[in-house]
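One structure is given here, and the rest of the page talks about it.
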Protein chains: 2
Amino acid sequence: MALTRQAVLDEAIRTLDAYGFADLSMRKLAGALEVQPSALYWHFANKQSLLAAIAESMLGQVAAPDPRLDWDGQVRSWAHGLRAALSSHRDGAELVASVLSMRAEGVDPTRGLVAILHRAGLRAPDARAAAAGVLHFVMGHAVDEQGHAQMQAFGVASAGPGVAPDDPDQRFAYGLELLVDGIRSRLT
Amino acid sequence: MALTRQAVLDEAIRTLDAYGFADLSMRKLAGALEVQPSALYWHFANKQSLLAAIAESMLGQVAAPDPRLDWDGQVRSWAHGLRAALSSHRDGAELVASVLSMRAEGVDPTRGLVAILHRAGLRAPDARAAAAGVLHFVMGHAVDEQGHAQMQAFGVASAGPGVAPDDPDQRFAYGLELLVDGIRSRLT
DNA sequence: ACCTGAACACCGTTCAAGT
DNA sequence: ACCTGAACACCGTTCAAGT
């Protein structure tokens, strides 16, 4: 059976979960598929577009918030959904962050949130700025949280760098509420 | 004259500015210093600790906010100072983000801000959570902004992914004010 | 103490050639 | 259409040996 683009993508995600983002290489992936490294380039133009496909598949699984919720419920739901999606695979946050920083076209997790904030009453540029703020917070928190888990798994412990310990769920909720309150104060 | 740790660090920063983060390699750095790659490992244990030293030198240049300002002025000053420091070298935000995500010990830009928020009236866990939120926002914004500049320099233009266009300064100020307002609403 | 030289175990990507 | 084989131009890191 011939290799398909989807089969490559699936195996890439398995390799990610097994070895982590830093050790996800085209050569290791080719080995897992029992194929030459160059074979992958028939299905993906380069490694970056494979990573973008992984990111898209992770972000695609986050559902749009229930529109019957009030705006702040929708924002919370969006943020928690994104956080869950980023945590669905090893180093998922780091991978998505790297894809976003490379600005792969089409990968824009922010669209749904901008619409929510616009309906809530923010004019378009403010809605975009606020959505970017919430996105940065969620991404930063998730990268931090997963990196911290990594270190604990390695037994490095560490005093924690950019960010303090405490319960990650509480820290996430607190930071998110800061932004929600800030947005609320701009609505009237 | 023998190579010093500081000379390696200085040349590394020059190489960063000249070639960018992705092309800052130990071998290229060694070439610029007219030395064998292995010579660098006398002065730095590995590449990661060299990157940590670069990050520390960038973060070290951000001054503590004037304590005569009120708390929100100090928060704004801290955030703008960090943003400026991250922008002081090519791909500075990406480099610092990578060092933070690896949790290099000692590199914690958050300490000064936690103290400010604690003095403002937040109890310690809340001050840490809020400081993490502000840090994530500033880092995310700066990575985004520098990445976008990169793409423009390459002529890739792009519709912009994770984040919309608009004026970066305005977007930064707006997002920061969201957090400041959120923090204010927790003080009384 | 500080650096060279050579090696080890990797990378991403290209491209002619095969089927 | 889809993959192999071989090559190109790189990496980070280690370590005996030199001075």
Side-chain angles (χ1 to χ4, degrees), chain A residues 1-16 18-55 90-91 94-95 97-99 101-104 147 150-151 154 156, chain B residues 1-16 18-55 90-91 94-95 97-99 101-104 147 150-151 154 156:
Chain A
M1 232 293 277
L3 212 53
T4 61
R5 187 182 161 93
Q6 186 64 46
V8 173
L9 178 55
D10 290 347
E11 191 65 47
I13 291 176
R14 267 192 292 274
T15 306
L16 173 67
Y19 298 97
F21 183 54
D23 292 333
L24 170 56
S25 68
M26 297 300 268
R27 297 181 104 104
K28 180 168 283 178
L29 174 55
L33 290 164
E34 295 181 299
V35 99
Q36 296 292 322
S38 47
L40 302 176
Y41 291 84
W42 181 262
H43 300 279
F44 289 92
N46 47 44
K47 185 180 184 180
Q48 192 52 45
S49 67
L50 171 60
L51 295 179
I54 299 176
R90 159 122 86 129
D91 295 336
E94 196 184 342
L95 186 149
S98 103
V99 168
S101 84
M102 298 287 184
R103 8 198 71 59
Q150 282 290 90
M151 292 301 106
F154 265 97
V156 187
Chain B
M1 233 292 277
L3 212 52
T4 61
R5 187 182 161 93
Q6 186 64 46
V8 173
L9 179 54
D10 289 347
E11 192 66 46
I13 291 175
R14 266 192 293 274
T15 306
L16 174 67
Y19 298 97
F21 182 53
D23 292 333
L24 170 55
S25 68
M26 297 299 268
R27 297 181 104 105
K28 182 167 283 178
L29 174 55
L33 290 164
E34 294 181 300
V35 100
Q36 296 293 323
S38 48
L40 302 176
Y41 291 84
W42 181 261
H43 300 280
F44 290 92
N46 47 43
K47 185 180 184 179
Q48 191 52 45
S49 67
L50 170 61
L51 295 179
I54 299 176
R90 159 121 87 130
D91 295 336
E94 197 184 342
L95 186 150
S98 102
V99 168
S101 84
M102 298 287 184
R103 9 198 69 59
Q150 283 290 92
M151 293 300 105
F154 265 98
V156 186

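Each chain gets a letter, A, B and so on, in the order its sequence line appears, and its residues count up from 1.
Taking 4.5 Å as the limit, some side-chain heavy atom of B:Met26 sits within range of a side-chain heavy atom of B:Leu50. In this structure, A:Thr15 and A:Asp23 have side chains that are not in contact, with every pair of non-hydrogen atoms separated by 4.5 Å or more. Residues A:Trp42 and A:Leu3 are not in side-chain contact: their nearest non-hydrogen atoms beyond the backbone lie 4.5 Å or more apart. Taking 4.5 Å as the limit, some side-chain heavy atom of A:Phe44 sits within range of a side-chain heavy atom of A:Arg5. A:Gln48 places a side-chain heavy atom less than 4.5 Å from the side chain of A:Val99. By the 4.5 Å heavy-atom criterion applied to side chains, B:Leu24 and B:Asp91 are not counted as neighbours. Taking the side chain as every heavy atom from C-beta outward, B:Thr4 and B:Leu9 never approach each other to under 4.5 Å.
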What's touching nucleotides 10-13 of chain C from the protein side, N or O pairs under 3.5 Å?
residue : atom : partner : partner atom : Å
C:dC11  : OP1  : A:Ser25 : OG           : 3.0
C:dG12  : OP1  : A:Met26 : N            : 3.1
C:dG12  : OP1  : A:Lys47 : NZ           : 3.0
C:dG12  : OP2  : A:Met26 : N            : 3.0
C:dG12  : OP2  : A:Arg27 : N            : 3.3
C:dG12  : N7   : A:Arg27 : NH1          : 2.7
C:dG12  : O6   : A:Arg27 : NH1          : 2.8
C:dT13  : OP2  : A:Tyr41 : OH           : 2.9
C:dT13  : OP2  : A:Lys47 : N            : 2.8

Any N/O pairs under 3.5 Å between the protein and nucleotides 17-19 of chain D? List them or say none.
none

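D:dC2 atom C1' lies 9 Å from atom CG of A:Leu3, rounded to whole Å. In this structure, A:His43 places its NE2 atom 13 Å from C1' of D:dT4, rounding to the nearest Å. The distance from atom CZ of B:Phe44 to atom C1' of C:dC3 is 16 Å, rounded to the nearest whole Å. One atom, CZ of A:Arg5, and another, P of D:dC3, lie 14 Å apart when rounded to the nearest Å. In this entry the distance linking CD of A:Gln36 with P of D:dT4 reads 5 Å, nearest Å.
A:Asn46 contributes a side-chain N or O that, together with a main-chain N or O of A:Ser49, makes up a donor-acceptor pair within less than 3.5 Å. With hydrogens and angles disregarded, a donor-acceptor distance shorter than 3.5 Å links the side chain of A:Arg90 to the backbone of A:Ala18. Using a distance-only test at 3.5 Å, with no hydrogens or angles considered, no donor-acceptor pair links the side chain of B:Arg14 to the main chain of B:Ala12.
Straight-line distance between the C1' atoms of D:dC2 and C:dA17: roughly 13 Å, to the nearest whole Å. One C1' atom belongs to D:dC3, the other to C:dA16, and the distance between them is 13 Å to the nearest Å.
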DNA chain D in dot-bracket form (Watson-Crick or G-U pairs under 3.5 Å, [ ] crossing, | inter-strand) is ||.|||||...|||||.||

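In this model, the phosphate group of C:dC3 is not approached by any side-chain N or O of B:Trp42 to a distance below 4.0 Å at OP1 or OP2.
Residue contacts for A:Ala2: at a heavy-atom cut-off of 4.0 Å it reaches the sugar-phosphate backbone alone, with no base atom in range.
For B:Tyr19, the OH atom counts as loosely surrounded, since its 6.0 Å shell holds 12 or fewer non-hydrogen atoms of other residues, nucleotides or ligands.
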